[in-house]
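This report refers to the structure that appears directly beneath it.
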2 protein chains.
Amino acid sequence: MNYYPKTLGELTAALSLFPGIGKKSAQRLAFYLLNCPKGDVARLLTAIQEARSKIVNCQTCFGMSETPECPICRDQSRDKSIICVLANPNNLFVLESAGVYKGLYHVLGGLLSPLDGIGPEHLRIRELLNRVKQGGVREVILALSSNVEGESTAAYLKRLLDPVRVRISRIASGIPVGGELEYADEITLARSLEGRLKY
Amino acid sequence: MNYYPKTLGELTAALSLFPGIGKKSAQRLAFYLLNCPKGDVARLLTAIQEARSKIVNCQTCFGMSETPECPICRDQSRDKSIICVLANPNNLFVLESAGVYKGLYHVLGGLLSPLDGIGPEHLRIRELLNRVKQGGVREVILALSSNVEGESTAAYLKRLLDPVRVRISRIASGIPVGGELEYADEITLARSLEGRLKY
């Protein structure tokens, strides 16, 4: 016989849809949601609804924004001649928190993945090409993941952008800062050798 | 300059209140909630509200229930002469999933913790005593965590229950099944020696 309350089961199931949350974690979150102060639940529900209703894609870079054009695209102090291409809007905040990049961004909205049925028409590739062709852009930095999808998307973009007079670069692959050489895999080591810099 | 949308920041903050969810995980959950299908969000919001409004404490054992008395307390096939004492209602489902216990439960709603200001009056200890004194109970099993709070709560309950004619037992401490002897700490090993069983 199953004694688990039905509504609790449904809450656990809904929380299991979260990325990286398995059944045990979902149960823990469900118990928390059941027993936490009423104010905390109200705050969460409001935050979800507010965020869903207010956050839109920036019309220029397709990053997340509460205004039609995001604060980065509107910021006159940023270098408009460099565009950093990202797969997802969350990548943008990771790069921003590094605090070294002062150019603009372009969010593709994913990576090419024929197996999942994601072709160039599903990504904002045409929009990127238009931005570059409008002129004033001297460099496009491809900051995509170093996996099969990232590599093939980078190769596709390079082929498209090559006819346009623009410098195309990629973020470096190599051992992470603070990482031990003996724990790096062979492909990463080969990449970090290929990409070696003058010291 | 901070480019993180305010509503997204608030959503991340609300999600950080979840147990075991740090800032990075909260961000991941927030991005999921922003980008997942509308139906999934609606399902989650409904599940939270339904569970909060329908689940109450069972009036007998104080476990979670959708009815005034929970299905376990109402189940005529369960052994009403044994009561297993637990700290929290989630412990109940863990024990139930083990599938070996056929008695009833009593959920204290926490453990004694003077430093956090939790005394006997904050737990359902009086209610436990009343159940045992009503008669028909031959054994009380204390299934509490094996930490300071669990030990002191167990000691307190033993002192209270000793005058009542009832057998008091505790779940065994020892090395986990499948666990390696060399990784067990000294106190656990000492406990598992003390609690050795005839083979």
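Within every chain, numbering begins at 1; the chains are lettered A, B, ... in the order of the sequence lines, protein sequences first and strands thereafter.
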Are A:L123 and A:L128 co-members of a hydrophobic cluster defined by side-chain heavy atoms under 4.5 Å apart?
-> yes
Same apolar cluster: A:I168 and A:L86, side chain cutoff 4.5 Å |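 Looking at the clustering, A:L86 is in a separate group from A:I168.
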With a 4.5 angstrom heavy-atom cut-off, is it the side chain or the backbone of [X] that approaches chain B, or both, or neither?
X: A:C70; value: neither
X: A:Q27; value: neither
X: A:L92; value: neither
X: A:F31; value: side chain
X: A:A13; value: both

Hey, are the side chains of A:V85 and A:V140 touching, using non-hydrogen atoms and a 4.5 Å cut-off?
-> yes
Side-chain touch B:Y101/B:I82, heavy atoms, less than 4.5 angstrom = yes
Would you please indicate if the ring centroids of A:Y4 and B:F93 are separated by under 6.0 Å?
->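 Centroid distance A:Y4-B:F93: below 6.0 Å, so yes.
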Which one of B:R159, B:R165, B:K158 satisfies the salt bridge (Lys or Arg N to Asp or Glu O under 4.0 Å) criterion with B:D162?
-> B:K158
Output the option from B:E10, B:R43, B:R28 having the highest count of non-hydrogen pairs under 4.5 Å with chain A.
->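 The candidate making the most pairs under 4.5 Å is B:R43.
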If you count heavy-atom pairs under 4.5 Å with chain A, which of B:T12, B:L45, B:I55 comes out on top?
-> B:I55
Thinking salt bridges, do B:E151 and B:R191 make one under a 4.0 Å N-O criterion?
->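 Yes.
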Look at A:A30, A:G63, A:A47 and state which one has the largest set of heavy-atom pairs under 4.5 Å with chain B.
-> A:A47
Check each atom of B:R74 against the heavy atoms of chain A and say whether the ones under 4.5 Å are side chain, backbone, both or neither.
-> neither
